[in-house]
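Heavy-atom basis, side chains included; hydrogens, waters and symmetry copies ignored. Proteins come first, then strands; the chains are lettered A, B, ... in the order of their sequence lines, and each starts at number 1.
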Number of protein chains: 4
Amino acid sequence: MRGRTDLAVEMREDISKDNQMRGVHVLTKNHGDTDIKEIRIVVENEEGAMCLGKPIGTYITLESEGLRTYDDGYHKPMMEVLSKQLQQFIGNKKKIMVAGLGNREVTPDALGPYVIDNLYVTRHLLKEGIIKESIEISAIAPGVMAQTGMEACAILKALVKEVKPELLIVIDALAARESDRLNKTIQLADTGIIPGSGVGNHRNAINKESVGVPVLAIGVPTVIAVPTIVNDAMDVMVHALGKQTTKNVLKKFTDEERYQLACEMVTPYLENMFVTPKDIDEAVKRISYTISEAINHAAFAS
Amino acid sequence: MRGRTDLAVEMREDISKDNQMRGVHVLTKNHGDTDIKEIRIVVENEEGAMCLGKPIGTYITLESEGLRTYDDGYHKPMMEVLSKQLQQFIGNKKKIMVAGLGNREVTPDALGPYVIDNLYVTRHLLKEGIIKESIEISAIAPGVMAQTGMEACAILKALVKEVKPELLIVIDALAARESDRLNKTIQLADTGIIPGSGVGNHRNAINKESVGVPVLAIGVPTVIAVPTIVNDAMDVMVHALGKQTTKNVLKKFTDEERYQLACEMVTPYLENMFVTPKDIDEAVKRISYTISEAINHAAFAS
Amino acid sequence: MRGRTDLAVEMREDISKDNQMRGVHVLTKNHGDTDIKEIRIVVENEEGAMCLGKPIGTYITLESEGLRTYDDGYHKPMMEVLSKQLQQFIGNKKKIMVAGLGNREVTPDALGPYVIDNLYVTRHLLKEGIIKESIEISAIAPGVMAQTGMEACAILKALVKEVKPELLIVIDALAARESDRLNKTIQLADTGIIPGSGVGNHRNAINKESVGVPVLAIGVPTVIAVPTIVNDAMDVMVHALGKQTTKNVLKKFTDEERYQLACEMVTPYLENMFVTPKDIDEAVKRISYTISEAINHAAFAS
Amino acid sequence: MRGRTDLAVEMREDISKDNQMRGVHVLTKNHGDTDIKEIRIVVENEEGAMCLGKPIGTYITLESEGLRTYDDGYHKPMMEVLSKQLQQFIGNKKKIMVAGLGNREVTPDALGPYVIDNLYVTRHLLKEGIIKESIEISAIAPGVMAQTGMEACAILKALVKEVKPELLIVIDALAARESDRLNKTIQLADTGIIPGSGVGNHRNAINKESVGVPVLAIGVPTVIAVPTIVNDAMDVMVHALGKQTTKNVLKKFTDEERYQLACEMVTPYLENMFVTPKDIDEAVKRISYTISEAINHAAFAS
């Protein structure tokens with residue numbers, strides 16, 4: 001209700017500040033002497049799914065200040081923690097397809113395609129007998145609907161049918177609600193990707209139902225939707241009115257009335273826009289490299 | 001006061017809806033059977049400069065819906081109108097340097113570098129005697145301070161000293177106040193570039209005083225600053241309160257009080273962010289091509 | 001025999017300098033007052049296919065010096081001639097998929113992906129009812145096997161099954177034998193793409209048999225294979241020996257003996273290399289734009 | 001004489017297979033348990049310079065198979081060895097400018113610009129007081145003459161005058177003679193860059209004389225010149241004739257006569273072309289990352 005987000009951790013905050021939600025388990029963990037915080041949200045049943053607004057499944061969020069700031073040492077710890085998480089999802093699967101969603105030409109949406117650029121792909125090497133006894137990795141950056149005229153989901157469904165992987169890993173840029181979360185959070189979800197995420201419109205859920213194999217989604221919030229910014233501004237305004245004037249009329253508005261206001265504030269133009277940091281180029285390059293190295297490591301370093 | 005803008009037309013709207021400003025002349029013109037509208041604002045003296053908040057000089061704005069929508073026929077009319085405007089500024093100058101400001105890696109800020117990519121550069125061909133009797137064009141995309149550690153202004157000053165052009169044309173992405181103006185407006189100004197514009201921070205004015213030769217600035221608004229969005233939202237909110245409630249407390253706030261509110265609404269994080277349309281990649285490619293062709297045409301087609 | 005080429009016109013030259021080949025018809029035509037030359041080679045039957053070394057079908061070559069040199073006026077005539085040729089192939093087909101083969105990251109191989117960047121894609125707009133009564137265009141840049149682990153042919157087969165176009169247009173960079181033909185020739189072939197072409201190894205023929213719908217291939221030679229260069233050098237050498245020495249031993253070698261020499265001259269390393277002009281970046285940008293505009297024009301301007 | 005090369009190690013091989021050259025000292029060293037081989041050639045006086053065909057100065061070549069092959073562990077050892085070499089050149093200098101020469105749009109020539117993309121630049125941070133007591137790094141990718149109309153040397157001279165660094169590090173793609181050396185060799189030279197190198201024509205030496213401060217050049221061979229390939233082919237041919245025929249006429253040619261042949265074999269078109277490996281995209285990305293990390297490490301990790 002407080003602005004669109006693709007992050008399970010932000011959805012949880014909306015509903016409850018404590019951990020008492022039926023059907024939703026939350027575990028928090030700090031990784032050793034790194035600054036990496038892991039929040040694991042397990043939606044156990046339909047009641048939990050209704051409550052959180054996310055399908056049944058596991059959502060892991062890794063947070064690190066180091067991901068956002070320039071720091072020579074940021075890369076390795078996050079890569080290793082992420083790699084270990086991936087290994088749990090991969091298990092003993094031997095054929096994996098990786099899909100980098102998003103638009104290579106729009107900086108905050110280029111995260112997925114950039115991950116593909118640095119992957120160690122082996123399917124053709126195995127087929128030609130150049131290497132043996134390796135995990136089979138195939139990869140694709142399907143582009144966005146405005147470029148291809150096809151939904152990413154349709155492209156992936158067709159390729160899965162052809163290549164028959166045991167697991168599809170999809171990487172995508174997400175929208176967050178808090179600017180503070182951008183470019184320092186990585187979310188893993190074994191439920192696939194919920195439609196309408198991030199910068200563009202990739203439409204149609206990409207999950208086990210739609211593509212036919214288990215889908216692991218890796219997402220990084222790189223943008224905020226404009227209505228979210230407006231909603232936040234309204235919050236601050238209500239707050240400000242309370243502090244600076246004796247009349248705090250607005251405080252008496254119901255949530256519904258405030259929501260109506262927010263709707264009027266977003267003109268049709270603004271709905272097709274997004275908000276992103278000025279240093280988004282460096283952030284996307286850095287994080288995509290960390291993710292591709294984590295996938296390489298999870299697949300081949302064991 | 002109503003949100004930061006780099007467009008003279010938007011600054012004028014703030015102050016006066018009619019054309020009665022001392023020291024500021026405004027001329028509006030429609031270009032024949034095209035959809036191109038030209039607004040020429042001439043700041044004639046210090047009084048006008050104070051009033052408009054822009055230095056003494058000429059500001060020409062070309063507006064066209066066609067620049068924003070996909071339209072096979074958009075390109076040529078705008079290219080020709082822009083080319084004619086450029087020829088007036090170029091006059092009989094024979095040595096021109098073109099600088100594409102901005103960050104090639106951040107989509108809405110890549111306008112300047114993209115223009116450089118399509119320019120017809122001749123300086124080296126003239127020096128080597130490969131062509132003769134042509135206008136001398138040199139070009140540079142100096143990058144942004146986060147990439148180079150140097151202000152664009154310092155780089156251009158050094159190159160102007162070395163190459164000695166008679167005119168420096170700088171192209172940059174701008175910030176607008178109205179989302180409706182993005183990607184359909186081209187502004188020409190013979191006063192150079194005012195610091196702090198657009199997506200990044202290129203700092204330090206680039207004008208005749210700082211680089212030593214006349215500077216013609218070509219700018220296209222591709223982003224909106226986040227505080228502007230918040231300011232706009234507040235406007236709509238005030239409006240909404242008036243319509244939907246009987247209490248219109250907020251309406252009694254002075255402009256100053258409202259400005260204080262807006263300041264509190266923008267957290268430090270949000271100040272380093274920008275708002276841009278989702279189809280910014282196509283818009284920047286298309287408009288940069290129109291500008292580079294207009295420069296090529298203005299320099300060589302006469 | 002004289003070095004690998006993907007161009008039907010070069011293969012014809014090998015066999016016969018005149019037009020007398022059984023099963024192969026050749027028509028040459030100059031386009032009005034442009035510098036565009038059209039060579040139409042029709043392979044009519046198996047005898048012709050054996051003779052030319054190309055499958056039964058039609059091969060149209062458009063040649064223009066203007067494609068290679070910078071020339072403000074080059075684009076439009078070639079675009080129009082190419083567009084007309086495309087219209088003949090398209091006929092009254094209403095669903096077209098366009099595939100840009102090659103590696104976006106290797107300049108002379110980026111031709112196909114660049115064409116996709118500038119296409120007017122409509123499939124999603126039709127599906128969502130935003131436009132009506134238009135040709136349906138979908139598009140994909142499938143990447144190369146080293147990036148995806150999948151053959152381009154397998155990706156396209158899967159997508160054709162999903163999207164069901166009536167025609168697949170594939171664009172690819174080709175290898176020529178004569179450096180003189182690079183970046184000034186466009187070849188159309190209704191036989192699809194023969195495997196092992198151009199810069200990379202896309203493997204497996206993409207044609208009606210393999211993907212299930214008619215395939216129109218648009219190819220532009222942008223590279224020369226290294227063995228071709230060596231073969232050419234040997235030719236010159238033989239020539240030179242004849243002129244500069246009284247002993248012309250080498251002249252007495254049979255074609256077979258000379259071929260053996262050429263084989264020894266190409267070390268394994270060199271086989272994985274290619275030869276390309278230093279100004280390949282501008283050439284690929286320019287020609288890809290001409291092709292995408294010709295496709296847009298052929299599909300929508302009628 | 002055996003084909004153009006920018007590598008001192010290849011020039012030495014031409015003249016003498018042993019280490020007995022007057023005025024030229026050669027030291028070879030293996031780096032511990034890595035596969036990195038270091039060859040240090042010191043040209044001590046004019047006699048040595050005449051002999052080797054390179055100016056007086058120090059040329060260090062680092063060679064590693066790992067640089068070329070995909071190998072998770074290649075990066076760190078080479079980065080560390082290179083970083084130590086750089087530290088010797090940097091000494092206690094506190095202001096460094098780094099220039100990435102070459103054309104970002106032509107894959108094998110993009111090495112220099114890519115290095116700039118990953119550098120940790122500090123000049124602006126120091127100027128604004130955001131960081132303190134750090135080495136001052138500024139950086140520029142000046143582009144090539146066909147894009148700017150200006151020689152890279154002229155641009156750098158102008159910027160050095162403005163920024164006043166104590167050391168200029170230039171990175172450029174080089175031409176090698178042996179295909180076997182491509183993408184596995186890094187050359188450091190304290191003599192600057194000799195004109196006419198690599199893919200493009202950056203003209204005019206960039207050295208202490210021309211820019212006014214010491215110049216350290218980092219070069220990586222990514223291309224071979226076409227005449228070199230032809231020369232090599234001729235060698236093999238002579239060899240082949242000796243083996244396969246009883247007449248070995250060609251063997252009796254003098255070096256001069258063979259050189260005359262080679263000249264005739266290179267047509268004007270081919271001179272403007274270059275030879276490069278098909279996997280050049282990955283190689284350039286990987287090596288540029290190693291170099292930028294080595295510079296970052298040398299400047300900040302002490």
Side-chain angles (χ1 to χ4, degrees), chain A residues 95-100 103-106 110 113-128 130-131 134-165 200-204 210-211 292 299, chain C residues 95-100 103-106 110 113-128 130-131 134-165 200-204 210-211 292 299:
Chain A
K95 294 177 70 173
I96 299 171
M97 182 180 284
V98 186
N103 184 348
R104 185 186 289 277
E105 309 289 325
V106 177
Y114 283 10
V115 169
I116 299 304
D117 287 351
N118 286 310
L119 273 191
Y120 183 40
V121 171
T122 58
R123 186 173 175 273
H124 59 305
L125 302 176
L126 285 162
K127 282 219 149 186
E128 292 171 357
I130 294 167
I131 61 171
S134 160
I135 287 194
E136 178 193 299
I137 304 284
S138 56
I140 189 86
V144 295
M145 212 158 66
Q147 295 167 329
T148 65
M150 299 178 275
E151 286 159 358
C153 178
I155 295 175
L156 296 182
K157 201 177 83 182
L159 293 180
V160 162
K161 233 184 264 174
E162 177 76 25
V163 171
K164 299 186 178 52
N201 285 311
H202 318 307
R203 310 296 157 83
N204 286 24
S210 65
V211 299
S292 58
Chain C
K95 295 178 69 171
I96 299 171
M97 182 180 285
V98 185
N103 184 348
R104 184 185 290 278
E105 309 289 326
V106 177
Y114 283 11
V115 169
I116 299 305
D117 287 350
N118 286 311
L119 273 191
Y120 183 39
V121 171
T122 58
R123 185 173 176 272
H124 58 305
L125 302 176
L126 285 163
K127 281 219 147 183
E128 293 171 356
I130 295 167
I131 60 170
S134 159
I135 286 193
E136 178 193 301
I137 303 284
S138 55
I140 189 87
V144 295
M145 212 159 65
Q147 295 167 329
T148 65
M150 300 178 274
E151 286 158 358
C153 178
I155 295 175
L156 296 181
K157 202 177 84 181
L159 293 180
V160 163
K161 233 185 265 176
E162 178 76 26
V163 171
K164 298 186 180 52
N201 286 310
H202 319 308
R203 311 296 157 85
N204 286 24
S210 65
V211 299
S292 58

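Between chain A and the residues C:Arg123, C:Glu136, C:Arg104, C:His124, the most heavy-atom pairs under 4.5 angstrom are made by C:His124.
Only the side chain of A:Glu105 comes within contact range of chain C, with at least one heavy atom under 4.5 Å from a heavy atom of that chain.
The two residues C:Ile140 and A:Pro142 have their closest heavy-atom pair at CD1-O, 3.9 Å. The shortest heavy-atom contact between A:Ala146 and C:Val121 is O-CB, 4.1 Å.
For the atom pair CD (A:Gln147) and CG (C:Leu119), the distance works out to 11.0 Å, reported to the nearest 0.5 Å.
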Trace of the side-chain contact (heavy atoms from CB on, under 4.5 Å) decision for A:Met145 with C:Lys127: CA-CA 11 Å; A:Met145 212 158 66; C:Lys127 281 219 147 183; over 6 Å; no
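Test C:Met150, C:Lys157, C:Glu151 against A:Glu162 for side-chain contact (heavy atoms from CB on, under 4.5 Å) and you get one pass: C:Lys157.
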